[in-house]
Amino acid sequence: MLSACCYFRGNYLGRPTAERLLAELCAEPNLIPERWNIFEPINIPFGENADKVVRALTTPTPPAMNTGVFFVRKKSPRYLLTISLRLVPAQWTTPHNEISFDLEANWPGGEHKIAAYFCRSVLPRFPDFAYVTDETPQDMERFAEFKRTYTPKEFRELISKKEIMLPFGCLGDIYWFNYFGKVYVDFIGRERLKSAGWERVEEIGDGLACYTTENIHEPYLRERRNRI
């Protein structure tokens, strides 16, 4: 199953920015949602009243400081998409807004469409980080350690051993597609990133779009991800 996320900072809880987010999503015909809601069931027809979608994205319900809207598409390519926007200071641990996809069925070439969409998703700015992956049991196993619960003693020991703190905490792995925005390019180093062993690297905006392999189903994808 294809899954993908895009993380970006900034206050997007305004009408012009919310409208741009929706416009970039709908610029790709295969990504236009069919229905939306802020909770289940996701049953409101999309497009009949775009103003309601914009208001849902831009009006937090007190005391919340964030909004979240769910979108679904039931015809091919079938997906669940979430846009989560946060109104928080940049120094918070997770200040990121987020766009996430879960695709229920195979979409030939769809990984390239989503990668291209993420690179332009928050124009005129660019994301801090974005990824596209085809989740496998091996991927889920890799994250099992992070998802388990810890005793207070284990948690103190875990964070005391952490020597490097990534700028904003989005990086969980190297995926098939990875977009590193300026904050990560500056932190890791442009030349170090470009020479890490990718199949292809493109300079897009103020960041780097890095493809581990040309095809997401290459049999050596995991081996190269580990090496990078």
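As a basis for the values below, the full set of heavy atoms in this structure was taken, side chains included, without hydrogen atoms, waters or symmetry mates. FYI, the numbering just counts along the sequence from 1.
- Across all non-hydrogen atoms, the minimal contact from Pro127 to Cys119 is CD-O, 4.1 Å.
- Expressed to the nearest 0.5 Å, how far CZ of Phe118 lies from CG of Asn178 amounts to 12.0 Å.
- With contacts defined as side-chain heavy-atom distances shorter than 4.5 Å, the pair Pro33/Leu25 qualifies.
- A salt bridge links Arg120 with Glu24: the closest approach of a Lys/Arg side-chain nitrogen to an acidic carboxylate oxygen falls below 4.0 angstrom.
- Under the 4.5 Å side-chain contact rule for hydrophobic residues, Leu221 and Met1 do not share a cluster.
- By the 4.0 Å N-to-carboxylate-O rule, Arg192 lies too far from Asp186 to be salt-bridged with it.
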Mind running ring pair (Phe, Tyr, Trp, His ring centres under 6.0 Å) on Phe180 and Phe129 for me, showing each step along the way? CA-CA 5 Å; Phe180 298 94; Phe129 181 69; 5.6 Å; yes
After noting the C-alpha distance and the side-chain angles of Arg86 and His96, does the key distance pass the side-chain contact (heavy atoms from CB on, under 4.5 Å) rule? CA-CA 7 Å; Arg86 303 185 182 211; His96 283 87; 5.9 Å; no
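- Looking only at distances, a side-chain donor or acceptor of Thr17 sits under 3.5 Å from a matching main-chain atom of Gly14.
- Using a distance-only test at 3.5 Å, with no hydrogens or angles considered, no donor-acceptor pair links the side chain of Tyr12 to the main chain of Thr58.
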Do Tyr175 and Val132 pass the side-chain contact (heavy atoms from CB on, under 4.5 Å) test, and can you show the C-alpha distance, the side-chain angles, and the key distance before you say yes or no? CA-CA 7 Å; Tyr175 302 94; Val132 180; over 6 Å; no
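- Just one of Trp176, Tyr117, Phe177 meets the ring pair (Phe, Tyr, Trp, His ring centres under 6.0 Å) condition when paired with His112; it is Trp176.
- Atom-to-atom distance recorded for Asn97:CG and Leu21:CG is 8.0 Å, nearest 0.5 angstrom.
- Between the Tyr131 side chain and the Ile174 main chain, no donor and acceptor come within less than 3.5 Å of each other.
- The distance from atom CG of Leu103 to atom CD of Glu111, rounded to the nearest 0.5 Å, is 10.0 Å.
- A continuous path of Ile, Leu, Val, Met, Phe, Trp and Tyr side chains, each step under 4.5 Å between heavy atoms, connects Val53 with Phe39, placing both in one hydrophobic cluster.
- Partner Ser100 forms a side chain to side chain contact (heavy atoms under 4.5 Å, CB included) with one of Thr82, Ile83, Leu81 and no other, that one being Thr82.
- Within the 4.5 Å cutoff, the side chain of Glu98 has heavy atoms near those of the Cys5 side chain.
- Separating the OH atom in Tyr79 from the CG atom in Asn30 is a distance of 9.5 Å, to the nearest 0.5 Å.
- Nearest heavy-atom pair across Trp36 and Ala56 is CZ3-CB, 3.8 Å.
- At distances below 3.5 Å, at least one donor-acceptor pair connects side-chain atoms of Asn11 with backbone N or O atoms of Leu13.
- Of the possible donor and acceptor atoms, one in the side chain of Glu34 sits under 3.5 Å from a partner among the backbone N and O of Lys74.
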Check the pair Val54, Glu19 against side-chain contact (heavy atoms from CB on, under 4.5 Å), reporting the backbone distance first and the verdict last. CA-CA 7 Å; Val54 171; Glu19 287 177 340; 3.9 Å; yes
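- For the pair Leu57/Leu85, a side-chain contact is recorded, criterion being any heavy-atom separation below 4.5 Å from C-beta on.
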Evaluation steps, salt bridge (charged side-chain N to carboxylate O under 4.0 Å, His left out), between Arg222 and Asp134: CA-CA 11 Å; Arg222 168 49 68 187; Asp134 187 9; over 6 Å; no
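- The residues Arg224 and Glu218 are annotated as not salt-bridged, no charged nitrogen and carboxylate oxygen being separated by less than 4.0 angstrom.
- Minimum heavy-atom separation, Pro60 to Thr67: N-CG2, 3.6 Å.
- Clustering of Ile, Leu, Val, Met, Phe, Trp and Tyr side chains at separations under 4.5 Å places Val72 together with Ile42, Phe70, Leu80.
- In terms of heavy atoms, Tyr211 sits closest to Ala115 at OH-CB, 4.0 Å.
- Panel note: side chain Glu202, backbone Ile204; no donor-acceptor pair is recorded below 3.5 Å.
- Between the CD atom of Glu104 and the CG atom of Leu2 there is a distance of 12.0 Å, given to the nearest 0.5 Å.
- Taking every heavy atom of both residues into account, Val201 and Leu208 meet most closely at CG1-CD2, 4.1 Å.
- Arg73 contributes a side-chain N or O that, together with a main-chain N or O of Ser76, makes up a donor-acceptor pair within less than 3.5 Å.
- Taking the charged nitrogens against the carboxylate oxygens, Arg78 and Asp102 have no contact shorter than 4.0 Å, which rules out a salt bridge.
- Minimum heavy-atom separation, Trp198 to Leu193: NE1-O, 2.7 Å.
- Annotation: the span from Arg125 atom CZ to Arg9 atom CZ amounts to 7.0 Å, rounded to 0.5 Å.
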Let's go through Arg35 and Phe46 carefully: what are the C-alpha distance in whole Å and the side-chain angles of both, what is the deciding distance for side-chain contact (heavy atoms from CB on, under 4.5 Å) to 0.1 Å, and is it a yes or a no? CA-CA 5 Å; Arg35 297 184 179 276; Phe46 180 81; 5.7 Å; no
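- With respect to Glu223 and Arg225, no salt bridge is recorded, no charged nitrogen being found less than 4.0 Å from a carboxylate O.
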